[in-house]
Asks: 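For reference, the structure I am asking about is given below.
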Amino acid sequence: MQDYLIVIPARYQSSRLPGKPLIDLMGKSMILRTYEKCIEVVPKENVIVATDDIRIYDHCLSHSMAALMTSTSCLTGTDRVAEVAQVVKAEYYINVQGDEPLFNSNDILKVLESIKSNKGKIINGYCSIKSREDFCSISIPKVVFRPDGRLLYMSRSPIPGNKNADFVKGNRQVCVYAFPKEALENFSKQKIKTTLENEEDIEILRFLEMGYEVFMIELSDDSIAVDNPSDVEKVLNRLRNENKTKSI
């Protein structure tokens, strides 16, 4: 049994951006860029793509990425990770979202280090919000947590609020999750989304509704979550700027 396995869920039928994992980002697909970020810091034997689409599966194999076909009935990416856990045994499963191709690979190392001192706990990342636009965006899950890092709630609405309705401070979710095997198995036993999970469309809320504690750790704010076509342009702009910097 491995100590950990990084799983990148990749679904083709995104409601807002169909075919998202295969979108070309300056010569590389989004899923390939995400995979390459992972293997910057961990052995490739510890990384696998989980998909329900043969186009993504074939693309992964053609680029020497380990991949596993999962069912089309998975409610969320975490349910897809749970299907992988039935095949590949590990103590911990780290879900790295396939639509954040510019995340900081060192965040994975921070998660792995946190696991050492938080055995058996569910771990998720967060970073600070810098703009009112992001604070109010329904595409960005906002998080509030106790002083010790235990998650209180996560919402697409701007939280925490205040009586003046101003943007004062906020934190957003960074979509790197770590799950112990037992918690992941219990999560996947739910055959429908829990109430708040369904309303907010945030899968980590299922754990809260099931009575689990989720521990938030601070990660970098490098990531750009790709949720719609305008986000693709943000990623491309970052890549163009990075290429310009390298050429100077």
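Note that these values count all heavy atoms, side chains included, but never hydrogens, waters or copies made by symmetry. Please read all numbers here as calculations on a predicted model, not as lab measurements.
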Asks: How long is the straight-line distance from OG1 of Thr194 back to CD of Glu200, given to the nearest 0.5 Å?
Replies: 11.0 Å

Asks: For the pair Lys193 and Asp201, find out whether any cationic side-chain nitrogen is under 4.0 Å from an anionic carboxylate oxygen.
Replies: yes

Asks: Tell me, with the steps shown, if Ile115 and Asp3 meet side chain to side chain contact (heavy atoms under 4.5 Å, CB included).
Replies: CA-CA 10 Å; Ile115 288 172; Asp3 290 338; over 6 Å; no

Asks: Can you tell me how far CG of Asp231 sits from CD1 of Ile140, rounded to the nearest 0.5 angstrom?
Replies: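 It comes to 8.0 Å.
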
Asks: Taking atom CZ of Arg238 and atom CE of Met26, what is their separation to the nearest 0.5 Å?
Replies: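 Separation between the atoms: 13.5 Å.
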
Asks: Show the nearest heavy-atom pair for residues Cys74 and Glu83, with the distance to one decimal.
Replies: SG-OE2, 3.4 Å

Asks: Should Leu152 and Leu205 be regarded as members of a common hydrophobic cluster, given that ILVMFWY residues are connected when their side-chain heavy atoms come within less than 4.5 Å of each other, either directly or indirectly?
Replies: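 The answer is yes; both residues are in one hydrophobic cluster.
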
Asks: With side chain to side chain contact (heavy atoms under 4.5 Å, CB included) as the test, would you mind laying out the steps for Leu184 and Lys181 before giving the verdict?
Replies: CA-CA 5 Å; Leu184 188 61; Lys181 184 175 175 57; 5.7 Å; no

Asks: Could you tell me if Asp53 and Thr51 have a donor-acceptor pair between their side chains, going purely by distance under 3.5 Å?
Replies: no

Asks: Are Ile94 and Phe215 linked, directly or through other ILVMFWY residues, by side chains that come within less than 4.5 angstrom of each other?
Replies: no

Asks: Could you state the interatomic distance from OG (Ser220) to CG (Asn106), rounded to the nearest 0.5 Å?
Replies: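 Atom-to-atom, Ser220:OG and Asn106:CG are 8.0 Å apart.
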
Asks: State which residue, out of Asp79, Asn186, Thr195, fulfils the side chain to side chain donor-acceptor pair (under 3.5 Å) condition with Arg206.
Replies: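 Only one of Asp79, Asn186, Thr195 forms a side chain to side chain donor-acceptor pair (under 3.5 Å) with Arg206, namely Asp79.
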
Asks: Are Phe207 and Ile159 connected, step by step, through hydrophobic side chains (Ile, Leu, Val, Met, Phe, Trp, Tyr) whose heavy atoms are closer than 4.5 Å?
Replies: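 Yes, one cluster joins them.
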
Asks: Could you tell me the separation between the CG atom of Leu151 and the CD1 atom of Ile122, rounded to the nearest 0.5 Å?
Replies: 10.0 Å

Asks: Please indicate whether Ile138 has more than 12 foreign heavy atoms, meaning atoms of other residues, nucleotides or ligands, lying under 6.0 Å from its CD1.
Replies: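 12 or below, so no.
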
Asks: Quick check, are the ring centers of Tyr212 and Phe187 under 6.0 angstrom apart?
Replies: no

Asks: Regarding Arg172 and Asp134, does a basic nitrogen lie under 4.0 Å from an acidic carboxylate oxygen?
Replies: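 Salt bridge: no.
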
Asks: According to salt bridge (charged side-chain N to carboxylate O under 4.0 Å, His left out), does anything in residues 109-124 pair up with another residue at least two apart or in another chain? List the pairs.
Replies: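 Of all non-adjacent pairs touching residues 109-124, those that pass salt bridge (charged side-chain N to carboxylate O under 4.0 Å, His left out) are Glu91-Lys119, Glu113-Lys116.
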
Asks: With clusters defined by side-chain heavy atoms of hydrophobic residues (ILVMFWY) lying less than 4.5 Å apart, directly or transitively, does Tyr92 cluster with Leu68?
Replies: no

Asks: Output the distance between atom CG (Leu208) and atom CE (Met154), rounded to the nearest 0.5 Å.
Replies: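 With rounding to 0.5 Å, CG (Leu208) is 7.5 Å from CE (Met154).
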
Asks: May I ask you to say whether Asp148 pairs ionically with Arg150, meaning some side-chain N is under 4.0 Å from a carboxylate O?
Replies: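 The answer is yes: the pair qualifies as a salt bridge.
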
